[in-house]
Structures are given as C-alpha cells and as structure tokens.
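Heads up, the thing below is written out as structure tokens.
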Amino acid sequence: MRGNDKVDAPVFRRPSSLPDKRGYFGEFGGRYVSESLIEALYELETAFRLAWKDKSFHREMEEVYRDYVGRPTPLYCATALSDKVGGARIYLKREDLNHTGAHKINNTVGQALLARRMGKKRLIAETGAGQHGVATATVAARYGFECDVYMGSEDVRRQSLNVFRMNLLGTTVRPVDQGTRTLKDAISEALRDWSQSVMTTHYVLGTAFGPHPFPLMVRSFQSVIGREARKQILAKEGRLPDALVACVGGGSNAMGLFYPFLSDLDCALYGVEAGGRSLNPGEHAARFQTGKVGVLQGSRTYVLQDRDGQIEKTHSVSAGLDYSAVGPELAYYHDTGRIAFSSVGDEEAMEAFEMLCRSEGILPALESAHAIAWTIRLARQLGPSRVVVANLSGRGDKDVMEVARIKGVTFS
Ligand SMILES: *Cc1c(COP(=O)(O)O)cnc(C)c1O
C-alpha cells in the first residue's frame, strides 16, 4: 500500500448544501465564463429551478429512470467479498446495472428532459473515455436531439469503440486537436460551441463540475443514487451505514451518493481519487493531495497546477478519474471536513478489480475499483458489526482491453 494508509474519520464543521446566488459553495464554484455564456447559464439555472420544483417533471423523470434506465438499482450485500476481507459488512450500490453501464445516464436523462422543456433542438457534450459521450448520445437518440460530442483526438484514438458506439446512436464525434488533445480540451471546445449556439443548443456537462448551475444540477440529478441507497440500507440493516465510499473524478457519483447523507453526521463519507503511478507531478489525479485552489473551466476549485499556474498533466489507469480539477462542492466539503479524501494508486485499484471479479463475479469499472480498494482498507479497519456502502459507479466491460494490455495479454 502507498500514500495515506491510515483511514481517519472526517471531522465535520459546517453543513450547507446549497450554493449562494452566485453559485459558490463557500469559496468554491462560481461562474468564470465569457460574457456570451452568462445569459445561457442564467436561462439554464431558471429552467432547472422551475423543473426541480415541478411534480410533473419528477414524475416523468422517475418513469424514465424506472423503465429505460433500470432504476432503482439494487443495494447488494457483497458477503463473499466481506468474508474475504474479514471486517465490516460491505454493500455495493449497483450503478453498474444501469442502461449504458454507469451512473452517467442519471444525469443525461435529467438534462435531456430539461433541454426538451427549454425547447432546445441540439445537445452537445464533452467526453474523455467516451462514457459520458455514449450516455448523451443515448438520450439524444431517445428524445430526437441532434447531437455533437467533443473528444480530444488522443482520446478518439484510444477509445475507438466508444466513438463507433456514439456513431451507431446517430451522434457526430468531433475530435479536438488543441492542447493535450484530451478531456480538458474537449470541455473548452464544447464551451466555445455553446457560446455560439445557445439559442438552439443545450450543453450536457457530464460531471458535478464547471460553471454554476452545472455542479448543483448534476448533483441533484445524481442524488437519486443516495436517496435509493438510504431507503435500501434502512430496509436491510435497520440503520444507516457507518461509512460511504465513492471514487472521485469530477465528483458526480460521489455527490450523488453522499448528498442525502450529508446531515447524518454518524455516516463517515470518503472520496477516493486516482493516485496513479505516484504522487509526483504528472503521475496522478489526486487534486486534494497536491492541488492548489485556482480557476479552471468556469469554476474555482482545487486544481493540479505548477508554480506558474500551468495545468499539470494527470495520469490514472482509469480514464474517468484522470482530470486536473475537481467539483467545487466536493472542494467545499473537503475544507469543512465533512468528506475525507484519499487516493488509491493504479496497482491497488487493479488488485481490487481482480478481487471483486473473483470473489463476487462482478467486473467493476476501473474507476469504481478505486472505491472498492479503499472500501477494503476501511472494512478491515472498522471490523465486524460495522456497515460500509460503496458506490459501484460502473461496469468493467469497457475496461477489459485496458486490463488485458496491463497484464500483457494479446489477442490474435
Ligand atoms: C465518469 C465515471 C466516473 C467519474 O466521474 P464522477 O463524475 O466523478 O462520478 C466514475 N466511474 C465511472 C464508471 C465513470 O464512468
């Protein structure tokens, strides 16, 4: 094991789960965008607030979640893994069983229904590994939106299967040749497109990041995860869990699970970032461990940057955690102590991946494997008669080729 082996429970100070009028959670968040996007963000915020108060919007969303996405997802007691680990009882929130294989669709369904209410005809999105692109292309097909997805050309090359998937769904993938040709550059291009097309177009941001109201909106759509988990654990255990664990890319699956538990101070909340190869610059995405507060892509938050403020390169075995900034709401709970953050490296995530495959017959996404690895450490430390809920944010089918590559397996 490497990094912070000791599992300290977070110390909580001040609860507040709504951003202020300008979109700040404490000192984090805001709306750092060009003038041409401010109007669009106001329009979006108003539309979202109205929809969120409207029972008919929720009724429609619940129906889609049930009949199309496959919700509620089960809360599964992983007894074989728990026995093998020999500590606390481990439950898995099975977001991997959603349509398209991860939690991302909870958000894209919500935003597609909202875009339809707003009379938009076209969706755009950014994608790194392609998961959010596929989830957006899926709802675009379902609701008849035109759809363009921006993707760094380096990612297009690495994720050709997901590019083809999006094409099958009727979406145009637009490779971005700027900068490092990865997710960060794709977000910049999507924002640029949006600033010129706001009349007809909604930008479906994929995580709890970016300018206000995106962090609030994405967290709200994803909070269905935590609402279900809360009911399910109460039904199964007759009490709340001692701890909840989720991996953190931008923060949408973590905020989605944690949000309904924020004021349950006896539930410890743990966010797990990508420790990559090491905590040296360029070899990880552990923003809370070595990042500094700065502004990136519309939001003030923890950012991996060098002394001159240049954005650092990142690395993780899991593409979904491989990003240099983190959602502002998580930054706020980091500073207030409500959520404890840690990191798990590539190797430990791979071990957890294999352990879950072998013990439970579940192939997790490599992102989720980071949460599993931390859950294993935590369960050992907590010991029997304690209960831990981990978010299994996605399935590992998409990662099978990457795992084969790491293991040196080749196919003829
Ligand atoms: C995208 C992704 C993540 C990371 O994104 P968050 O917004 O931090 O949840 C985690 N797990 C899976 C399976 C993903 O596809």
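No hydrogens, no waters, no symmetry mates; every other heavy atom, side chains included, goes into these values. Order of listing sets the numbers, starting from 1, for every ligand and every atom in it.
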Indicate, as side chain, backbone, both or neither, the part of Ala365 found under 4.0 angstrom from ligand 1 when only non-hydrogen atoms are considered. side chain

If you draw the axis of the six-membered ring of Tyr259, does the NZ or CZ of Arg219 fall within 45° of it and under 6.0 Å from the ring centre? yes

For ligand 1, find out whether one of its N or O atoms is nearer than 3.5 Å to an N or O atom of Ser252. yes

Cys247 heavy atoms within 4.0 Å reach ligand 1 at atoms 10 (C)

When you compare ligand 1 with Gly249, is there at least one nitrogen or oxygen pair between them that comes in under 3.5 angstrom? yes

Does the ring center of Phe28 lie less than 6.0 Å from the ring center of Tyr332? no

Under 6.0 Å between ring centres: does that hold for Phe25 and Tyr333? no

Which residues pass the side-chain hydrogen bond (donor to acceptor under 3.5 Å, both in side chains) test with Glu62, not counting sequence neighbours? none

Please identify which atoms of ligand 1 are closer than 4.0 Å to at least one heavy atom of Gly251. 6 (P), 7 (O), 8 (O)

For Gly394, counting its heavy atoms only, list the atoms of ligand 1 lying under 4.0 Å from any of them. 13 (C)

Using the benzene-type ring in the case of Trp, are the ring centres of Phe341 and Tyr270 under 6.0 Å apart? no

Quick one: look at His103 and ligand 1, take heavy-atom pairs under 4.0 Å, and tell me if it's side chain, backbone, both or neither. side chain

Would you say ligand 1 has an N or O under 3.5 Å from any N or O of Leu321? no

So, Glu95 and Asn106: side-chain donor and acceptor under 3.5 Å apart, yes or no? yes

How far is atom 4 (C) of ligand 1 from its nearest protein heavy atom, and which residue and atom name does that atom have? Gly320 O, 3.4 Å

If you take the centroid of each ring, where Trp contributes its six-membered ring, are Phe221 and Phe48 closer together than 6.0 Å? yes

For atom 7 (O) of ligand 1, the closest protein heavy atom turns out to be Thr207 OG1, 2.5 Å

The closest protein heavy-atom partner of atom 11 (N) of ligand 1 is Ser393 OG, 2.7 Å

Is Lys104 touching ligand 1 with its side chain, its backbone, both, or neither, if touching means heavy atoms under 4.0 Å apart? side chain

Test item: Val389 and Val245 side chains (from C-beta on) under 4.5 Å apart, heavy atoms: no

